[in-house]
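Throughout, protein chains are lettered first and strands after them, A, B, ... in sequence-line order, and every chain is numbered starting at 1. Side chains included, hydrogens not; waters and symmetry mates left out as well; all remaining heavy atoms used.
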Amino acid sequence: MNPWDSVKNLAVSLLADVTKLDVTRVRESIEIPPDPNLGDLASTVSFQLAKQLKKSPAQIANEIAEKINARLETTMVFERAESRGSYVNLFLNRGRFVKFAIEAANQLGQEYGRTAVYKGHRALIEFPAVNPSKPWHIGHARNAVIGDMLGNVLQTVGYKVARIDYINNLGLQIAQLAWKLLQETENLANIKYDHYLGRLYVDVQKAFETDEKAENEIREIARQLEDPDSEASKKSISMVTACLLAQCQTSYRLGIYHDYQVWESDIAHSGLLEAARNMMLECENVVKLEEGDKAGCIVVKLDTIDEFKDMQEPYKVLFRSDGTRTYTGADVALQMWKFGIVQDPFRYQVFDKQPNGKEVLRTSVKGKKKNIGKFDVVFNVVGSSQAQPQRLVYTILDLLGYKTQSENSHHVAYEFVGLEDTDFSGRKGTWIGYTVDEILDRAVELAHDEVAKRNPDETDEFKGQVATQVGTGAVRYMLLKASPDRKITFRWSEALDFDGDAAPYLQYSHARAQRIIEKAAEETQAETDLTMLSSASEFALAKAIAMFPEEILETVRSLKKTMWGTSFYSNKISSYGYGLANLFSKFYDSCPVLKAEPAIATARLELVKAFRTTMANCLRILGIQAVERM
RNA sequence: GGGCACGUAGUCUAGCUUGGACAAGGCACCAGCCUUCGGAGUUGGAUGUCGUCGGUUCAAAUCCGACCGUGCCCGCCA
């Protein structure tokens, strides 16, 4: 059910009948006028017809409007057509349209906004792949929130979605920390484990850079990590597990849950690499070099690929001369696994039971076999600085003969979050003070003050719960409302601004609607006619409600793959939500519900319900809690 | 050297994919609105060479080219 699309289709068929033009051409000419007084839908077909008919566009628009008016019947949602300049403007019958929109939303309830356009497709989304050696900072949260919301959007249009996290538990960072922890007893005091490791890392890094002996020992540890039976490996597993569990607590606070974790060590030890490497070597562009400075390496030759021919070195190493994989090599193997190109070599075991009630499974040498199946589309949420390495993985997939899978590989790129004078650096520790935990704490604390001020008689439990919903909602919204291709400069004043274009505004509008509905429940219901609702603010609100399903589909359609990334406009849904809340606020101010005469009150109540449903569904996609009181 | 992205009022942004009517909001600032369903709201006001210069078009913030500024990427690293 997509009310706005229905209305648009009717407009297109009317215009196509009258102009005898092709339906798709007419459809492309449809736009929404900048000012609702000009009309509800407009068409620019007269510009296109001007040349072939040798008449002025204004004259043509005039004739089209007249012909449409002659065809309109009194039962249609469209009421009249007007020409203005060269535009043909169509006007909806307000009452009939409002009724149509309200009934669509209220009949479907929680399902309103859902469509089955992409039913039967399976999508895998990988995010945020934070190293299990530090707490999430706000930049990691941007990745996670974008990935999570993309999943929500895809599910709403019919996809089956799997959310996957990638756990890099074999890197140098892990070796550095394991080295430190092997030589001293842990002093945990009262600090969350991921925060503890993150701070420890800053110290270790100094030793690594200045002390050659330490560096050599750490390199040795890194080698030992490849052997699952080594002392270093065992130490690192308990360290990584504890860190990851701590990071998950942050993730859960943001309402982010995963289905699977793929651990780097399992990629190395499951047989996936061997299988993938053998398949790669079948490809003529992948060779083991016999001489030169890369003798012994398995490389992919890229000199024939247009977008890589200007690389300083056209041979990209996939497996080093000592046989170990590079990041690219592992990434290609993993991408092959995602599409089911290689048989699933993993075993799985439960890592954690998440607060949403679902278990997250991790790959493991021990657990059970479980074929998770092929995915049709793969989205990797990765910073835009990784555009070239991501593209490389997809190109290699294509070279191996997996053209479709290469085309269905998407790099969802986003810019990093930084501070006014610096970027976040794990080595330098500039993230300290800007972890997601600290930011959420501050946001929730501030929300608590506001909630307490407005609800002095409520229980502490209520205040705490609402403050959490409002504070975390504000942080999530802040990250989603910025277009992903724009850098965010983190400022406390903006993160903690609950006025204007921010999540609490959306939640507030929902709470106001909820209160009206609650109060009305006590009163008797009168017979009503929804077509009575025809004021400007009622009509404008109904239009926004009607556009909701189309807005989600547009967001999915705008996932366009280009050479260096796939565009995803997370801000489209957030700004829709803001606009919807804004229109409700205007309606709220100009149209009393409970104090109106009974027939109008009942009709307006239906509009309020339709709004509440739409806003709740919109917030669910954004991953923000709808609140009933705040 | 090659490549990618961004540049819009004091400030932060939307609009650019798919060209269309006087460029839309938030914050901050000024002035109104509580005997009225919740003021985290609403109404009004001031603030603009849409980085610059060309091109395409009936029409350019939007498409194309050049240039300027900013950030990022081009390792057997991680």
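Residue A:Ser558 has its side chain nearest to B:rU17 when only B:rG41, B:rA78, B:rU17 are considered. The nucleotide whose nearest atom lies closest to any side-chain atom of A:Ala511 is, among B:rG38, B:rA21, B:rA40, B:rG38. The listed nucleotides are B:rA21, B:rU42, B:rC22; the one nearest the side chain of A:Pro34 is B:rA21. In the set B:rA78, B:rG26, B:rG38, B:rG26 carries the atom at the smallest distance from any side-chain atom of A:Asp501.
For A:Lys428, the NZ atom is loosely surrounded, since the number of other residues' heavy atoms within 6.0 Å does not exceed 12.
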Where protein sits on nucleotides 5-15 of chain B, one letter per nucleotide: B base, S sugar-phosphate only, - none, heavy atoms under 4.0 Å | SSSB----SSS
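Looking at A:Asp497, its side chain has no donor and acceptor atom pair within 3.5 Å of the base of B:rA28. Contact of A:Thr326 with B:rC76 (side chain to base): no donor-acceptor pair of N or O atoms is detected under 3.5 Å.
Ring geometry, A:Trp492 versus A:Phe490: the interplanar angle exceeds 60°, so the pair is classed perpendicular (tilted spans 30 to 60°).
Not one side-chain nitrogen or oxygen of A:Lys294 sits closer than 4.0 Å to the OP1 or OP2 atom of B:rG75. When the side-chain nitrogen and oxygen atoms of A:Asn582 are compared with OP1 and OP2 of B:rU42, one or more of them lie within a distance under 4.0 Å.
The strand RNA chain B forms stems, runs of 3 or more Watson-Crick or G-U wobble pairs with distances below 3.5 Å, at B:1-7 with B:68-74, B:10-13 with B:24-27, B:29-33 with B:41-45, B:51-55 with B:63-67.
In this structure, A:Phe47 forms an aromatic stack with the base of B:rG20, since both conditions hold: centre separation below 5.5 Å and plane angle below 30°.
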